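The structure under discussion appears below in the form of structure tokens.
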Amino acid sequence: QVQLVESGGGLVQAGGSLRLSCVASGRTFSSYAMGWFRQAPGKEREFVASISVSGLSTKYADSVKGRFTISRDNAETTVYLRLNILKPEDTAVYYCAATRSYYYRSSSSDYDYWGQGTQVTVSS
């Protein structure tokens, strides 16, 4: 069982930055690839970024590539998402998720555990 708790969301102006954190419980964090997803009001949950167990391989949605960076610290059982050059269309609840896979995954159905989410609001 893995429990995930996100933090770091908030209100920011367009062009600004945020760093989201997701702390995982349990001693098996280093066995899970991790991902970030987001869901805007009235829209389906969508993939944002994923990172392999080792942290050496990452994948991003085209809409965030070059602006967002995913990273992880296995010793701290934490995964991060750095959000730069934020746009109003990035406004959403951001969810952290864990998958029993070594490599990154971009489909939400591949993920086994989910956090409660943290709200990111970008004003124009």
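Throughout, residue positions are numbered sequentially from 1 according to the sequence presented. What you are looking at is a predicted structure, and each value in this text was computed from that prediction instead of being measured.
A salt bridge does not link Lys87 to Asp90: none of the charged side-chain nitrogens sits closer than 4.0 Å to a carboxylate oxygen.
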**Message:** Does Leu81 form a side-chain contact (heavy atoms from CB on, under 4.5 Å) with Thr69? I'd like the steps, not just the answer.
**Reply:** CA-CA 6 Å; Leu81 186 67; Thr69 303; over 6 Å; no

**Request:** Please report the C-alpha distance between Tyr113 and Tyr32 in whole Å, then the side-chain angles of each, then the deciding distance to 0.1 Å, and finally whether the side-chain contact (heavy atoms from CB on, under 4.5 Å) criterion is met.
**Result:** CA-CA 10 Å; Tyr113 302 102; Tyr32 292 83; 3.7 Å; yes

**Item:** Verdict with supporting geometry, Val23 and Leu4, side-chain contact (heavy atoms from CB on, under 4.5 Å)
**Value:** CA-CA 6 Å; Val23 179; Leu4 304 171; over 6 Å; no

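Listed here is the closest heavy atom pair of Ala33 and Tyr103: CB-O, 3.3 Å. Closest approach of Val120 to Gly9, counting heavy atoms only: CG2-CA, 4.2 Å.
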Residues 10-21, side-chain donor-acceptor partners within the protein, below 3.5 Å, at least two apart:
residue	atom	partner	partner atom	Å
Ser17	OG	Asn84	OD1	2.9

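A distance-only check finds a donor-acceptor pair linking the side chain of Ser25 to the backbone of Gln3 [under 3.5 Å]. Using a distance-only test at 3.5 Å, with no hydrogens or angles considered, a donor-acceptor pair links the side chain of Glu6 to the main chain of Gly117. Side chain of Thr91 to main chain of Pro88: a donor-acceptor pair is present (N/O by atom type, distance under 3.5 Å, no hydrogens or angles). No donor-acceptor distance shorter than 3.5 angstrom exists from the side chain of Thr118 to the backbone of Tyr94, with no hydrogens or angles considered. A donor-acceptor pair is defined here as one N or O able to donate and one able to accept, closer than 3.5 Å; no such pair exists between the side chain of Asp73 and the backbone of Thr78.
Residue pairs meeting the disulfide (SG to SG under 2.5 Å) criterion with at least one partner in residues 89-124, sequence neighbours excluded, are Cys22-Cys96.
Both the sub-6.0 Å distance and the 45° axial angle are not jointly satisfied by Arg38 relative to the ring of Tyr95. Both tests hold for Arg72 against Phe29: distance to the six-membered ring centre under 6.0 Å, angle to the ring axis within 45°.
Taking a 6.0 Å sphere around CD of Glu89, one finds it holds more than 12 heavy atoms contributed by other residues, nucleotides or ligands. More than 12 heavy atoms of other residues, nucleotides or ligands sit less than 6.0 Å from atom CD of Gln119.
When only modelled atom types and interatomic distance are considered, Ser101 and Thr99 share no side-chain donor-acceptor pair under 3.5 Å. Judged purely by distance below 3.5 Å, without hydrogens or angles, the side chains of Ser106 and Tyr60 never pair a donor atom with an acceptor atom.
The hydrophobic cluster containing Leu83 also contains Ile70, counting ILVMFWY residues as joined when their side-chain heavy atoms lie under 4.5 angstrom apart, directly or transitively. Linking ILVMFWY residues whenever their side-chain heavy atoms come closer than 4.5 Å, directly or via other members, places Val93 and Trp114 in the same cluster. Linking Ile, Leu, Val, Met, Phe, Trp and Tyr whenever their side-chain heavy atoms come within less than 4.5 Å puts Val48 and Leu86 in one cluster.
Note on ring orientation: taking the six-membered ring where Trp is involved, the planes of Tyr111 and Phe37 are perpendicular (angle over 60°, cut-offs 30° and 60°).
The OG1 atom of Thr77 sits 9.0 Å away from the CE atom of Met34 when rounded to the nearest 0.5 Å. One distance of note links CD1 of Ile51 with OG of Ser57; it measures 8.5 Å at 0.5 Å rounding.
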